[in-house]
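In this text the structure is predicted, and so the values were computed from the model without any measurement.
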Amino acid sequence: MATDSLEEFLAGIDEEGTHECIVDNVQLVTSSKDGRVWCVFKYVVDDENSDINGEEISEMYQDFSHLKKDDLKDFTASERTAMRRAVRRKQERLESLNVSEDKLNNFNDWDSLAGLRVSVTVEVSSSTKDDENGRPVKTKYVNVRSVTLL
């Protein structure tokens with residue numbers, strides 16, 4: 001059945017599941033809005049039998065590697081706890097890409113990760129919120145659950 005809009009067509013594509021991918025790039029990006037630094041991992045689906053072959057899947061983790069130890073005293077205990085969790089999640093992703101444990105805290109060789117073949121498992125969820133005119137708008141989220149080196 002043909003659909004009338006690109007939105008309806010894209011909604012019918014199911015990203016959920018496990019996909020063979022290639023790491024396209026990994027980079028640190030500073031938000032122009034609030035100055036936060038993010039480590040962004042981008043994967044490209046590399047499976048000719050998939051409806052989403054060639055599509056990009058991305059994930060990001062807040063990065064604190066630019067902070068010095070003295071900077072941490074400016075944060076509350078709960079903020080420091082959240083920071084430790086974010087650092088651990090980024091380190092776990094780097095470990096899944098075969099970065100050795102002794103390099104996790106100071107890793108900056110992002111280009112070395114490009115081209116790696118990985119298996120990416122994603123979960124799709126959605127939420128509906130009203131826009132400024134009171135009309136419901138559905139937003140689809142693609143969450144990376146795991147990445148395994150092939």
Side-chain angles (χ1 to χ4, degrees), residues 6-7 10-47 50-133 135-150:
L6 178 60
E7 182 179 301
L10 291 175
I13 295 177
D14 187 15
E15 297 95 338
E16 190 155 294
T18 301
H19 308 283
E20 285 190 27
C21 298
I22 295 175
V23 177
D24 185 40
N25 69 61
V26 181
Q27 60 185 346
L28 293 180
V29 176
T30 302
S31 170
S32 59
K33 189 164 137 181
D34 59 16
R36 290 190 290 177
V37 179
W38 297 91
C39 181
V40 180
F41 293 76
K42 293 183 181 178
Y43 313 97
V44 175
V45 177
D46 187 37
D47 180 359
S50 172
D51 287 343
I52 63 168
N53 186 45
E55 295 295 320
E56 182 180 279
I57 298 171
S58 63
E59 63 178 334
M60 58 189 194
Y61 301 93
Q62 192 168 359
D63 184 84
F64 300 99
S65 62
H66 60 288
L67 295 177
K68 306 290 183 238
K69 192 172 186 173
D70 287 343
D71 296 333
L72 299 179
K73 66 182 176 195
D74 297 333
F75 295 93
T76 66
S78 63
E79 288 172 324
R80 288 192 301 271
T81 298
M83 292 166 77
R84 280 192 293 276
R85 268 189 251 130
V87 167
R88 187 66 208 142
R89 284 193 300 270
K90 182 183 115 183
Q91 289 176 338
E92 287 169 353
R93 181 58 69 234
L94 289 170
E95 283 180 317
S96 74
L97 296 173
N98 214 26
V99 172
S100 62
E101 190 174 336
D102 62 320
K103 294 181 180 179
L104 292 177
N105 289 328
N106 299 312
F107 187 78
N108 62 5
D109 188 14
W110 308 113
D111 292 340
S112 69
L113 302 175
L116 293 175
R117 292 194 61 76
V118 294
S119 175
V120 178
T121 301
V122 297
E123 176 182 83
V124 177
S125 60
S126 64
S127 69
T128 303
K129 294 182 182 177
D130 290 344
D131 66 9
E132 61 276 355
N133 297 318
R135 290 179 291 214
V137 176
K138 188 173 185 176
T139 304
K140 185 162 109 175
Y141 302 97
V142 178
N143 302 306
V144 175
R145 303 314 276 166
S146 68
V147 176
T148 307
L149 203 56
L150 293 177

Quiz item: Is there a donor-acceptor contact under 3.5 Å from the side chain of Arg80 to the main chain of Phe75?
Solution: yes
Quiz item: With distance as the sole test, does Asp71 use its side chain to make a donor-acceptor pair with the main-chain N or O of Lys68 at under 3.5 Å?
Solution: yes
Quiz item: Between Leu94 and Leu113, is any pair of side-chain heavy atoms under 4.5 Å apart?
Solution: yes
Quiz item: Take atom CG in Asn106; do more than 12 heavy atoms of anything else shown fall under 6.0 Å from it?
Solution: no
Quiz item: Between Asp131 (side chain) and Asn133 (backbone), is there a donor-acceptor pair under 3.5 Å?
Solution: yes
Quiz item: Should we count CG of Asp111 as having more than 12 external heavy atoms under 6.0 Å?
Solution: no
Self-check item: Approximate separation, where rounding is to 0.5 Å, of Asp46 CG and Asn53 CG
Solution: 6.5 Å
Quiz item: At what distance, to the nearest 0.5 angstrom, does CZ of Arg89 lie from CE of Met60?
Solution: 12.0 Å
Check: residues 34-41 side-chain donor-acceptor pairs under 3.5 Å, at least two apart:
unit_1, atom_1, unit_2, atom_2, d
Asp34, OD1, Ser31, OG, 3.1
Asp34, OD1, Arg36, N, 3.0
Asp34, OD2, Arg36, NE, 2.8
Asp34, OD2, Arg36, NH2, 3.2

Exercise. Could you check if a side-chain atom of Glu95 sits within less than 4.5 angstrom of a side-chain atom of Leu104, using non-hydrogen atoms only?
Key: yes
Quiz prompt | Euclidean distance, Leu28 CG relative to His66 NE2, rounded to 0.5 Å | solution = 9.5 Å
Quiz item: SG of Cys21 to CD1 of Ile52: how many Å apart, nearest 0.5 Å?
Solution: 7.0 Å
Practice problem: Determine, stepwise, if the pair His19 / Asp47 fulfils side-chain contact (heavy atoms from CB on, under 4.5 Å). | Solution: CA-CA 7 Å; His19 308 283; Asp47 180 359; 5.8 Å; no
Self-check item: Close side-chain approach of Glu59 and Arg93, heavy atoms under 4.5 Å
Solution: yes
Check residues 142-150 and write down every donor-acceptor pair under 3.5 Å in which the side-chain atom is one partner and the other belongs to a residue at least two apart or another chain.
unit_1, atom_1, unit_2, atom_2, d
Asn143, ND2, Ser125, OG, 3.4
Ser146, OG, Thr121, OG1, 3.4

Self-check item: Separation of Gln91 CD from Glu101 CD (nearest 0.5 Å)
Solution: 8.5 Å
Quiz prompt | Minimum heavy-atom distance Ser58-Lys42, with the two atoms named | solution = CB-CG, 4.0 Å
Quiz prompt | Nearest-0.5 Å distance that lies between atom CZ in Phe107 and atom CG in Asp102 | solution = 11.5 Å
Quiz item: Under the 3.5 angstrom rule, does the side chain of Glu16 hit a backbone N or O of Val124 as a donor-acceptor pair?
Solution: yes
